[in-house]
**Q** 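The structure that follows is given in the form of structure tokens.
Computed from a prediction, not measured in an experiment: that's the story for all the values here.
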Amino acid sequence: MRRLAGLLVVPLLLLSTAACGDDKASDSASEGNPAITAGAKFGEKPTLAKGEGDPPKELKTDVISEGDGAKLKNGDAIQVNYLGQAWNSTKPFDNSFDKGQPFDLTLGAGMVIQGWDKGLVGQKVGSRVQLVIPPDLAYGEQGQGDIKPNSTLVFVVDVVKATQVPKSAEGTPVAQDNIDLPKVGTNTDGKAPKITFPKGNPPKKLVSNYVLESDGDVIKESDSIVVNYEAYLWKGAKKFDSTYDTGKTATFPLAQITVKGLKNGLVGKKVGSRVLLVIPPDQAFGKEAQQTIPANSTLVWSVDILTKM
């Protein structure tokens, strides 16, 4: 089963990346790492010097300034600002500072290159960290965009925020008394809920119903949320995607969600809830087939809204 994240969210430039410079210089580079020549403080957009000599062959993580927050763990939903460039370059290939919005990810969930997942574990919230990532933990022999094959990458990463992600939605079970709609299990053990499909035709309008209703914050379109989900085709009750099957949550920046019914069905719901979505073709992928999703398909989702960033 192939994850559809690339179809659901407007793609970022890279799987994980970074930017340019400003302000006071840091004259020394830690153990030969490229120096931050301007914008050295946490929160400032840094400028990186070019690396000197041969880059290290293993991952290097150096704390430029240590925060006093909690240590990051795999499974945490985190927000970071970053700047990245190749070891042998003075030109950044990406950064979040210019976008005015931190980058959201779930640590250890495979959302970013391995060097990020490995290098950020154990760092404290509020820290500025420099990562030097060898090709085998970055984009390897294939490269990516402006990143050449077999490039060693250097990132400056500011750890802005971290939130522990619960294993399941929780809340008050809501009656599922419409016999024409799928029924979703109310288990809260972190395992995928069972979905039972009715006979008959799907609804023609978007359905967004609570299965478990929490008392958490109401979700806005500007929020990024961390979710677990099961996703099915109505026809044949065939599953086409699942975070439970991979053991990794997904992060949805709702403003970037391209599937209209998915966004509309989640905005206005409460954090901590489980939601049934039935998305008609005109709010899903329409007449275009996508991977294992035939054209004109009605989609059925069970979504646990675990937390928001």
Side-chain angles (χ1 to χ4, degrees), residues 12-52 55-56 59-72 76-107 111-113 115-133 137-139 144-147 151-163 222-224 251 253 255-256 308-309:
L12 299 169
L13 286 179
L14 295 168
L15 196 56
S16 67
T17 23
C20 273
D22 216 333
D23 258 308
K24 286 189 177 180
S26 171
D27 293 331
S28 61
S30 176
E31 298 181 8
N33 289 348
I36 299 175
T37 58
K41 295 181 180 179
F42 182 96
E44 296 178 338
K45 178 183 173 183
T47 300
L48 276 174
K50 183 178 179 180
E52 296 182 2
L59 174 68
K60 291 186 66 177
T61 302
D62 289 312
V63 178
I64 306 300
S65 60
E66 187 173 55
D68 57 6
K71 289 185 177 181
L72 302 184
D76 285 349
I78 69 172
Q79 284 188 328
V80 300
N81 277 312
Y82 64 84
L83 174 144
Q85 67 189 42
W87 174 273
N88 58 356
S89 174
T90 58
K91 181 181 178 182
F93 50 75
D94 190 21
N95 84 95
S96 66
F97 294 93
D98 288 344
K99 298 168 187 173
Q101 180 176 335
F103 176 59
D104 299 320
L105 68 143
T106 301
L107 196 61
M111 297 173 61
V112 290
I113 56 176
W116 271 46
D117 275 342
K118 292 176 182 292
L120 292 178
V121 168
Q123 303 305 322
K124 292 182 179 181
V125 174
S127 296
R128 167 164 283 195
V129 179
Q130 186 178 58
L131 303 175
V132 180
I133 304 176
L137 297 178
Y139 296 102
Q144 172 89 9
D146 293 335
I147 300 172
S151 290
T152 294
L153 306 183
V154 183
F155 289 92
V156 176
V157 182
D158 288 353
V159 184
V160 177
K161 182 180 179 181
T163 304
S222 58
D223 289 332
S224 289
T251 300
Q256 299 174 25
K308 73 172 184 176
M309 299 301 298

**Q** Looking only at non-hydrogen atoms, find the nearest pair between A162 and I78 and report the distance.
**A** CB-CG2, 3.9 Å
**Q** Mind running side chain to side chain contact (heavy atoms under 4.5 Å, CB included) on N81 and F42 for me, showing each step along the way?
**A** CA-CA 9 Å; N81 277 312; F42 182 96; over 6 Å; no
**Q** Out of the candidates V157, L107, V80, V129, only one should pair with Q123 under the side-chain contact (heavy atoms from CB on, under 4.5 Å) rule; please name it.
**A** V129
**Q** Please report the interatomic distance CZ(F93) to CD1(I147), rounded to the nearest 0.5 Å.
**A** 4.0 Å
**Q** For the CD atom of E66 and the CG atom of D68, what is their distance to the nearest 0.5 Å?
**A** 9.0 Å
**Q** A side-chain contact here means heavy atoms from C-beta on lying under 4.5 Å apart; do Q144 and I113 qualify?
**A** no
**Q** Verify whether one side chain among S224 and T251 offers a donor that lies under 3.5 Å from an acceptor in the other.
**A** no
**Q** Search all heavy atoms of V154 against all heavy atoms of P34 and return the closest pair with its distance.
**A** CG2-CG, 3.9 Å
**Q** Is the backbone N or O of L48 less than 3.5 Å from a side-chain atom of Q85, with the two atoms forming a donor-acceptor pair by type?
**A** yes
**Q** Please list all pairs meeting salt bridge (charged side-chain N to carboxylate O under 4.0 Å, His left out) that have one or both residues in residues 153-163, counting only residues at least two apart or in different chains.
**A** R128-D158
**Q** Can you give me the closest heavy-atom contact between I64 and A40, atom names plus distance?
**A** CG2-O, 4.5 Å
**Q** Where is the tightest heavy-atom contact between P56 and T152, given as atom of each residue plus distance?
**A** O-OG1, 4.5 Å
**Q** So which heavy atom on K50 is nearest to which on N88, and how close?
**A** CE-O, 3.2 Å
**Q** Rounded to the nearest 0.5 Å, what's the gap from OG1 on T61 to CG on L131? Could you check?
**A** 5.0 Å
**Q** Determine whether a donor-acceptor pair (N or O, by modelled atom type, separation under 3.5 Å) exists between the side chain of E44 and the backbone of K41.
**A** yes
**Q** As an exercise, state the distance from CG of N33 to CG of D62, rounded to the nearest 0.5 Å.
**A** 5.0 Å
**Q** Measuring from atom CG of D76 to atom CG of L105, what distance do you get when rounded to the nearest 0.5 angstrom?
**A** 10.0 Å
**Q** Any side-chain heavy-atom pair from L72 and V159 closer than 4.5 angstrom?
**A** yes
**Q** Locate the shortest heavy-atom distance separating S151 from A138; write the atom from each residue and the value.
**A** O-CB, 4.4 Å
**Q** Roughly how far, to the nearest 0.5 Å, is the CZ atom of F103 from the CD atom of Q79?
**A** 11.0 Å
